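Scope of the values below: all heavy atoms of this structure, side chains included, with no hydrogens, waters or symmetry mates. Here the structure is a predicted model, which means the values were calculated and not measured.
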Amino acid sequence: MASIVVLGAGIGGMNVAYELRALLGKEHPITVVGEGEHFSFTPSNPWVAVGWRKPADIQIGVRPYLAKKDIGFEAGGAAEVLPAQNKVRLRDGRELAYDYLVVTTGPRLAFDEVPGLGPHGGFTQSVCTTPHALAAWEAYQEFLKAPGPVVIGAAAGASCFGPAYEFAMILDADLRKRKLRDRVPMTYVSPEPYIGHMGLGGVGDSKGLLESELRQRHIKWITNAKITRVEDGMLHAEEMDARGQPLATHELPFKFSMVLPAFTGVDAVRSAKEMCNPRGFVQIDAHQRNPAYPNVFSAGVCVAIPPVEMTPVPTGAPKTGFMIESMVTAIAQNIAADLAGKPADHKATWNAVCLADMGDTGAAFVALPQNPPRNVTWAKVGKWVHVAKVAYEKYFLSKMKSGNTEPLYEKYVLKALGIERLK
C-alpha cells in the first residue's frame with residue numbers, strides 16, 4: 001500500500017487524483033490538499049470580472065465529489081514540503097506522510113515584483129483567481145458610473161497571456177453592449193515582442209489574427225513593454241527595442257486596469273530549493289518526475305519549463321489546459337507503473353488546444369505540441385468559438401463532479417483529430 005498526496009485542487013490536482021484512483025483502485029490512499037473548499041474553473045474568470053458569471057456558476061465544492069471516489073481532502077493548505085522526509089506540513093501544524101507526492105499547486109502571483117501592481121495594496125485588477133475576478137467586477141461597476149481610459153496587459157516575465165487578450169476583448173464587447181465604448185480609450189500593454197506571441201513564438205498566424213481583432217476593436221497596443229510601476233490612475237511602462245535597449249517611455253492614465261503578473265512557485269514548494277529552479281518552479285524530467293526526488297511528480301503552471309525563445313523583455317512559456325491534462329495522465333500512468341515494478345517511462349505530448357473568448361466571437365488555437373517545432377499549427381476565429389467555450393465550461397465542471405476525466409467519446413474524438421495525451 002502506497003500513500004499518495006496531491007498538492008493542489010485545481011485543474012491538475014483534481015484530474016490527477018481522479019485518474020490515480022481509476023488506475024489504482026481503492027488499495028492506495030490518496031489525499032488532496034487544497035486552498036479552501038472550492039474548485040474554480042479558472043478559464044471563466046474573465047466572465048466573472050464583467051458580471052457575465054457569478055462565482056457560484058464556475059465553482060463546485062470538491063469535498064463530496066472526492067469523497068465519492070474515496071479520496072481524502074484537506075482544505076487548509078500546505079505550509080511546507082519536506083521532500084527529504086517524504087512529508088507535507090499543513091498550515092495547522094499537522095504533517096502528511098507520503099510515498100508519492102504530486103505537486104499541482106499552480107503559481108504564486110508575483111504582484112510584488114512591480115510597485116503598485118495588483119488588487120492587494122496596488123491599483124490594478126486581476127483575473128488570475130475567482131476572488132480576484134469578483135473584486136475586478138466590483139471595481140468595474142464603479143468604473144461604469146464614470147467611464148474613462150482602460151489599460152489591460154501583462155507584466156514582464158508573465159507566461160499566461162491568453163486571459164489578458166480575452167479580457168481586453170470581453171471588456172470591449174461588454175462596453176459596446178452598454179453603449180459606453182465610445183467613452184473608453186483602451187490600450188493593451190505586453191512584454192511580448194509582438195501581438196500574438198503569447199509566450200509561444202506565435203501559433204499559426206496568431207500575430208495577424210490578433211492584431212486584426214485589436215484594430216477592429218480600436219484597442220491600441222504597446223509590445224516589448226516592461227511595466228515599471230503603477231500609481232493610482234497611472235501606469236508607467238518602458239518600451240524596448242529588438243536588442244532589449246530602452247526605446248520609449250509611456251505614461252498611461254487609466255480609470256480601470258487589469259494586468260496579469262509574472263509567476264513564481266508557491267511558498268510551500270519553493271522552500272524545498274533542491275527540487276526547484278531559482279523561481280521556485282518544480283524541476284521535472286521527460287516523465288514529469290523530479291530529478292532530485294524520484295517519488296515527486298509535478299504538473300501544470302508550477303513546473304519549470306524554459307522560455308520558448310529569448311525575447312527583449314522576459315516572457316515565460318504558458319501551461320495550457322489540455323497540456324496540463326496530458327501531464328496529469330503521464331503522472332498517473334507513471335505512478336501506476338512504478339507501483340507495479342514496471343518502467344515509469346510514459347511521456348506527455350504537451351499538446352495545446354485553446355479556446356479564447358472575445359465576448360461575441362472567439363479564437364481557437366491548436367499547437368501539437370505546444371512548444372515549437374510543431375507537427376500541427378492551427379488558428380481560427382469565429383462565433384462558434386464563443387459557443388464552444390461556454391459549452392466546455394459546463395462540460396469540464398461536469399467532469400469534476402463525475403470524476404471521469406476522459407470520457408470515451410472525448411478520447412475518440414480528440415484521437416480522430418490527432419490530439420492525444422501520451423506520446
Side-chain angles (χ1 to χ4, degrees), residues 4-20 30 32-36 38-45 62 77-78 81 88 100-110 127-130 158-163 198-200 260-270 272 275-277 279-290 296-308 316-335 346-354 367 369-371 396 399-400 405-406 421-422:
I4 303 167
V5 172
V6 177
L7 204 55
I11 289 174
M14 292 288 286
N15 273 280
V16 77
Y18 284 140
E19 290 199 30
L20 282 166
I30 300 171
V32 174
V33 179
E35 297 278 346
H38 292 93
F39 167 86
S40 289
F41 186 62
T42 303
S44 293
N45 285 341
V62 300
V81 175
V88 172
Y100 295 94
L101 175 66
V102 183
V103 182
T104 58
T105 58
R108 170 184 170 269
L109 307 175
V127 294
C128 294
T129 70
T130 302
S159 58
C160 189
F161 298 96
M198 298 187 294
L200 292 171
L260 301 177
F263 296 157
T264 72
V266 301
D267 292 341
V269 174
R270 65 176 179 165
M275 73 179 197
C276 298
N277 73 2
R279 294 283 288 176
F281 295 113
V282 181
Q283 301 275 17
I284 55 170
D285 63 15
H287 312 292
Q288 308 296 136
R289 203 168 199 168
N290 184 253
V296 176
F297 294 79
S298 189
V301 180
C302 59
V303 302
I305 298 178
V308 168
K319 294 94 174 183
T320 57
F322 189 83
M323 180 186 183
I324 294 172
E325 290 184 84
S326 77
M327 292 181 186
V328 159
T329 296
I331 290 172
Q333 293 288 342
N334 283 331
I335 290 177
H346 295 276
K347 295 182 180 180
T349 57
W350 288 16
N351 288 334
V353 182
C354 300
Q370 175 174 284
N371 295 351
F396 197 91
K399 290 203 299 181
M400 293 301 95
T405 63
E406 192 180 23
R421 294 189 181 192
L422 297 178

Find out whether Val269 and Met275 are in side-chain contact, i.e. whether some heavy atom of one side chain is under 4.5 Å from a heavy atom of the other.
->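 Heavy-atom side-chain distance check passes, below 4.5 Å.
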Do Ile11 and Pro43 come within less than 4.5 Å of each other through their side chains, counting heavy atoms only?
->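 Touching, per the 4.5 Å side-chain cut-off.
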Could you tell me whether the side chain of Asn334 and the main chain of His346 form a donor-acceptor pair under 3.5 Å?
->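 Answer holds: yes.
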Before giving the answer on side-chain contact (heavy atoms from CB on, under 4.5 Å), spell out for Ser40 and Thr129 the whole-Å C-alpha distance, their side-chain angles and the decisive distance to 0.1 Å.
-> CA-CA 8 Å; Ser40 289; Thr129 70; over 6 Å; no
Nearest 0.5 Å, what's the [atom1]-[atom2] distance between [X] and [Y]?
| X | Y | atom1 | atom2 | result |
| --- | --- | --- | --- | --- |
| Phe281 | Ser159 | CZ | OG | 6.0 Å |
| Ile284 | Asn290 | CD1 | CG | 9.5 Å |
| Ile30 | Ile4 | CD1 | CD1 | 5.0 Å |
| Asn15 | Phe39 | CG | CZ | 7.5 Å |
| Leu422 | Lys347 | CG | NZ | 12.0 Å |
| Gln288 | Ser326 | CD | OG | 7.0 Å |

Could you walk me through whether Leu7 and Val266 pass the side-chain contact (heavy atoms from CB on, under 4.5 Å) test, one step at a time?
-> CA-CA 11 Å; Leu7 204 55; Val266 301; over 6 Å; no
For the student: nearest non-hydrogen atoms of [X] and [Y], plus distance:
| X | Y | answer |
| --- | --- | --- |
| Gly300 | Ile324 | CA-CG1, 3.7 Å |
| Lys319 | Val303 | NZ-O, 3.1 Å |
| Ile331 | Ala299 | CD1-CB, 3.6 Å |
| Met198 | Phe161 | C-CD1, 3.4 Å |
| Met400 | Tyr18 | O-OH, 2.7 Å |
| Phe263 | Leu109 | CE2-CD2, 3.5 Å |

So among Ile305, Leu200, Val301, which one has a side chain to side chain contact (heavy atoms under 4.5 Å, CB included) with Pro318?
->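 When Ile305, Leu200, Val301 are each tested with Pro318, the side chain to side chain contact (heavy atoms under 4.5 Å, CB included) holds only for Leu200.
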Which residue pairs pass the salt bridge (charged side-chain N to carboxylate O under 4.0 Å, His left out) test with at least one member in residues 325-334, sequence neighbours excluded?
->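 Residue pairs passing salt bridge (charged side-chain N to carboxylate O under 4.0 Å, His left out), neighbours aside: Glu325-Lys399, Glu325-Arg421.
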Given side-chain contact (heavy atoms from CB on, under 4.5 Å), test His38 with Thr130 step by step and report yes or no.
-> CA-CA 10 Å; His38 292 93; Thr130 302; over 6 Å; no
Can you list the steps and then say if Leu260 with Cys128 is a side-chain contact (heavy atoms from CB on, under 4.5 Å)?
-> CA-CA 7 Å; Leu260 301 177; Cys128 294; 3.9 Å; yes
Asp285: what forms a salt bridge (Lys or Arg N to Asp or Glu O under 4.0 Å) with it, not counting sequence neighbours?
->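 Counting only residues at least two positions away or on another chain, Asp285 forms no salt bridge (Lys or Arg N to Asp or Glu O under 4.0 Å).
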